[in-house]
**Student:** 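Pasting a structure here, questions to come.
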Protein chains: 2
Amino acid sequence: MSEPQSSRANLSIGDVSELTGSSIDTIRYYERVNLMPEVERTSGGHRVYTDEHIRRLAFIRHSRALGLSLEQIRQVVDGTEGGSYSCEEWQSLLNLCAEGIVRQIDDLRTAERNLREMIDACGQAELPNCRVVERLLAGEIPQ
Amino acid sequence: MSEPQSSRANLSIGDVSELTGSSIDTIRYYERVNLMPEVERTSGGHRVYTDEHIRRLAFIRHSRALGLSLEQIRQVVDGTEGGSYSCEEWQSLLNLCAEGIVRQIDDLRTAERNLREMIDACGQAELPNCRVVERLLAGEIPQ
DNA sequence: AAACAAATCTGGAGCTACTCCATGTTCCGG
DNA sequence: CCGGAACATGGAGTAGCTCCAGATTTGTTT
């Protein structure tokens, strides 16, 4: 009677999938790797979800979109649930993440630049044999 | 006596690894997935490499740095060796690649923007409880 | 030549973050 | 009570490596 109303949803895995946009397989996967709170079962073994699970899934999705790995998310979840994850820890984790992302962007931009050069070089030469591929194959084009 | 001088190197896999910067495991892996030309063996079974292998490895490394998948590289290698890979095909492959990279960069930039917002939000509030993590955990922060 | 250490061999497992599959069981409307 | 949809489980597959154990080969030293 005094249960928190917010955890009463009683949803099937299909419902949860539609609500959150995560696939059924993904939801079960998150459970298997201990990212989800415990899930009740019907007498027949079907999973029964509550609002808490919906929120956890939303958290995972948001964090993934921020570029966090499942391992990092697990750390935050465990730390926060245990009450030990401070604001500072959270910030430094996010900062680490941001650095990684900046590095990835740099790498990709370099790749794009090289790609464009390659495409241009290929287009400028007299067709049908611009030899760019051959030179690449021969290992002549570095960087 | 009239062998092409350029294919005479006679290198061990360790030598090749040092020369190219690819790990021994990676070199064997490329062989297993048919990205490398045939490799001779000593009577005892050790691999013996030539300059051709060095060039192929360089090609793979450059192409990987351009963002090509091993499957795409295989296509180019096979196509070029068979003489059937034209400049146009090569260009359209590179263009496809470039599109993918642009998409990835966009995604990463979005992630970075969101991360920065999150970090700022975490920093502005009165410590020690800025509640940003809690709100995220509760699924309240979307996008 | 014998001994020894370093390098190499093979096959297989493990990683991330899912996705897909076959086969079997449960749920629910009519 | 029956049929079909939804669910359960275990296992395999993806990319691109990396790492491991245990056996063999190679090259150097004595």
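So you know, we letter chains A, B, ... as the sequences are listed, proteins then strands, and number each from 1.
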**Student:** Indicate if A:Leu70 and A:Leu68 have the same hydrophobic cluster label, given that clusters are the connected sets of ILVMFWY residues with side-chain heavy-atom separations under 4.5 angstrom.
**Tutor:**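 Yes, A:Leu70 and A:Leu68 fall within the same hydrophobic cluster.
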**Student:** Does any N or O in the side chain of A:Asp78 come within less than 3.5 Å of the main-chain N or O of A:Gln75, such that one atom is a donor and the other an acceptor?
**Tutor:**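 Not confirmed, A:Asp78 side chain does not pair with A:Gln75 backbone.
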**Student:** Under a 4.5 Å side-chain heavy-atom rule over Ile, Leu, Val, Met, Phe, Trp and Tyr, are A:Val76 and A:Val33 clustered together?
**Tutor:**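 Linked within one cluster.
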**Student:** Under 3.5 Å, is there a donor-acceptor pair between the side chain of A:Arg28 and the main chain of A:Arg32?
**Tutor:**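 Pair absent, no side-chain N/O of A:Arg28 close to backbone of A:Arg32.
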**Student:** With sugar-phosphate meaning primed atoms plus P, OP1 and OP2, does B:Arg47 contact a base, only sugar-phosphate, or nothing at under 4.0 Å between heavy atoms?
**Tutor:**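 If one applies the 4.0 Å heavy-atom cut-off, B:Arg47 turns out to touch the sugar-phosphate alone, with no base involved.
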**Student:** Using whole Å, what does the distance between atom C1' of nucleotide D:dC7 and atom CD of A:Glu18 come to?
**Tutor:**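 Value for this atom pair: 14 Å.
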**Student:** Can you measure A:Asp25 atom CG to D:dG10 atom P for me and round it to whole angstrom units?
**Tutor:**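 It works out to 14 Å between those atoms.
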**Student:** Applying the salt bridge (Lys or Arg N to Asp or Glu O under 4.0 Å) criterion to A:Arg47, which one of A:Glu38, A:Glu40, A:Glu31 satisfies it?
**Tutor:**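 The option that passes is A:Glu31.
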**Student:** Mind calculating the distance between OH (A:Tyr29) and P (D:dG11) to the nearest angstrom?
**Tutor:**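 From A:Tyr29 OH to D:dG11 P: 17 Å.
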**Student:** Of B:Arg28 and B:Arg32, whose closest DNA chain D nucleotide lies nearer the 5' terminus?
**Tutor:**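 By nearest-heavy-atom nucleotide position, the 5'-most residue is B:Arg32.
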**Student:** Closer than 3.5 angstrom, by distance alone: can the side chain of A:Arg61 be matched with the main-chain N or O of A:Thr20 as a donor-acceptor pair?
**Tutor:**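 Judged by distance alone, yes, a pair lies under 3.5 Å.
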**Student:** Without decimals, in angstroms, what is the distance between A:Asn10 CG and D:dC7 P?
**Tutor:**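 Atom-to-atom, A:Asn10 to D:dC7, this comes out as 14 Å.
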**Student:** Return the value, rounded to whole Å, for the distance between atom CD of A:Glu31 and atom C1' of D:dA8.
**Tutor:**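 Taking CD of A:Glu31 and C1' of D:dA8, I get 11 Å after rounding.
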**Student:** What is the nucleic acid contact for A:Arg64, judged by heavy atoms within less than 4.0 Å: base, sugar-phosphate only, or nothing?
**Tutor:**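 Since only primed, P, OP1 and OP2 atoms lie under 4.0 Å of A:Arg64, the category is sugar-phosphate.
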**Student:** Measuring from atom CG of A:Leu66 to atom CD1 of B:Ile119, what distance do you get when rounded to the nearest 0.5 angstrom?
**Tutor:**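 It comes to 9.0 Å.
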**Student:** Quick one: B:Ile13 CD1 to D:dT18 P, roughly how many Å, whole number?
**Tutor:**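 Nearest whole value for this atom pair: 13 Å.
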**Student:** Determine, using the 4.5 Å side-chain heavy-atom cutoff (strictly less than), whether A:Ile13 and A:Val48 are members of one ILVMFWY cluster.
**Tutor:**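 Different clusters: A:Ile13 never reaches A:Val48 through Ile, Leu, Val, Met, Phe, Trp or Tyr contacts under 4.5 Å.
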**Student:** Can you list, in residue-number order, the parts of residues 99-108 of chain B that come under 4.0 Å of DNA chain D, counting heavy atoms only?
**Tutor:**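 DNA chain D contact set from residues 99-108 of chain B: none.
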**Student:** How many angstroms lie between CZ in B:Arg109 and CG in A:Leu108, if you round to the nearest 0.5 Å?
**Tutor:**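 The distance works out to 10.0 Å.
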**Student:** Atom pairs under 3.5 Å, N or O on each side, protein against nucleotides 24-26 of chain D: can you list them with distances?
**Tutor:**
| from | atom 1 | to | atom 2 | distance (Å) |
| --- | --- | --- | --- | --- |
| D:dT26 | OP1 | B:Thr42 | OG1 | 2.9 |
| D:dT26 | OP1 | B:Gly44 | N | 3.2 |

**Student:** Between B:Arg55 and B:Glu52, is the closest basic N to carboxylate O distance under 4.0 Å?
**Tutor:**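 No, B:Glu52 and B:Arg55 are not salt-bridged.
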**Student:** Could you list where the contact with chain A starts and ends along DNA chain C, reading 5' to 3', using a 4.0 Å heavy-atom cut-off?
**Tutor:**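 First and last nucleotides in contact are C:dA17 to C:dC27.
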**Student:** Do B:Val39 and B:Ile54 land in one hydrophobic cluster if side-chain heavy atoms of ILVMFWY residues count as linked below 4.5 Å?
**Tutor:**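 Yes, because B:Val39 and B:Ile54 connect within a single hydrophobic cluster, where side-chain heavy atoms sit under 4.5 Å apart.
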